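The model shown is predicted, which means the values in this text are computed figures rather than measured ones. When a ligand or atom number is given, it counts from 1 through the structure's own listing order.
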Amino acid sequence: MSYRIAILPGDGVGPEVTKAAVSVLSSAARRFNLTLEFEEYEFGGAAIDQCNDPLPPETLAGCQAADAVFLGAVGGPKWDKGGPRPEAGLLGLRKELGLFANLRPVELHPALADFSPLRPERIKGVDILIVRELTGGLYFGEKKRDGDTASDLCVYSKGEVTRVARVAFNAARLRRGHVTSIDKANVLETSRLWRETVIEVHANEFSDVELRHELVDSAAMKLITSPGSYDVVLTENLFGDILSDECSVLTGSIGLLGSASLGAGANGLFEPIHGSAPDIAGQNVANPAGAIASAAMLLRYALKQDAAAKAIEQAIFASLDGGARTRDLGGELSCTDMAEQIVRQLGS
Ligand code: IPM
Ligand code: MG
């Protein structure tokens, strides 16, 4: 099978971890007899530097035509001083591709339990899938500035909640059968609509799945005090942004985690959860595991190549088990060393 993959290296450590992910994808392609065509495009701050637009039309067209999109990272202090922002490119791409569901798995690797800020008995067995709504809420509502007053409008429709709730319930059926829906229904009208809709979708289509509701403030606390009590976490855009960073450190390093942004169509966007890390950019010390885990998700969700996805995930696990450690995990392996170890484990 032959697939086209749009590659957006982006900013900061983005290009380094993207190179690592592409090397692992190429090696998986050899082992599983797939033809992957990689087409690289300017995106984010790098594209602002080239043409003052974080999402140039050629990049968007390339992503629309591809079977999947891989992104390194966007943003950095260089573009904080006014003018177009790299992040606007990412938000635009999510919206244009209709990627309303963002999947962020948070799984503990036993060999890394010591890197968690939580005690081993508390972190044991943590395996959470965050399903974050990605194209609505405060991120996309009308923004206004009037002198010293500013506002961001938070809007959700029943349809937007329904479609992402279905993603969460379907995922729960393939896991431990439990969804926690997180909102702020004691204060926000959008959250009340969110909760009512989730209850309705559950009752009509997914009554076999267990459902509980939590308020976001208390959930932020419980994710630390009893992370093992969560299976699938379903939440809106901004809460999901915040809670997924919180959850990512439970496992020891944000550098380990990947994500998939999916919509109704085939082509999803796959990117590590970590940002552009400008402080370590260009030094070849970033942990590529999160980017490589995202590459595995690309094979699973966009290309339906589950065996290849599993092989990459096992190769990451085996490397960590064998003691492979980048700097964020107290080791000395470079980004390229770590990628090479994973490629070796993949055995192609
Ligand atoms: C993320 C990031 C983005 C977000 C930024 C870069 C716009 O933090 O993917 O979590 O807020 O969604
Ligand atoms: Mg974020």
| task | Could you work out the complete set of other residues in the hydrophobic cluster of Phe43, with links drawn between I, L, V, M, F, W and Y side chains under 4.5 Å apart? | result | Leu8, Tyr41, Leu55, Leu60, Val69, Leu71, Val74, Leu90, Leu93, Leu97, Leu99, Leu269
Which residue and heavy atom of the protein sit nearest [atom], plus the separation:
atom: atom 5 (C) of ligand 1; result: Glu87 CG, 4.2 Å
atom: atom 1 (C) of ligand 1; result: Arg104 NH2, 3.4 Å
atom: atom 4 (C) of ligand 1; result: Tyr139 OH, 3.4 Å
atom: atom 8 (O) of ligand 1; result: Asp241 OD1, 3.2 Å

Mind checking the [atom1]-[atom2] spacing from [X] to [Y]? Nearest 0.5 Å is all I need.
X: Leu108; Y: Phe115; atom1: CG; atom2: CZ; value: 12.0 Å
X: Ser253; Y: Arg327; atom1: OG; atom2: CZ; value: 12.5 Å
X: Leu298; Y: Glu271; atom1: CG; atom2: CD; value: 12.0 Å
X: Glu214; Y: Ser229; atom1: CD; atom2: OG; value: 6.5 Å

| message | Suppose the cut-off is 2.8 Å; which protein N/O/S atoms would you list for the Mg ion (ligand 2)? | response | Asp241 OD1
| note | Quick look: Arg132 vs ligand 1, heavy-atom contacts under 4.0 Å, and the answer is side chain
Quick test of your reading of the model: are [X] and [Y] salt-bridged, counting only N-O distances below 4.0 Å?
X: Asp306; Y: Arg300; answer: yes
X: Asp80; Y: Arg85; answer: yes
X: Glu313; Y: Lys310; answer: no
X: Glu205; Y: Arg166; answer: yes

| said: Quick test of your reading of the structure: of Glu271, His274, Arg94, whose heavy atom lies closest to atom 9 (O) of ligand 1? | reply: Arg94
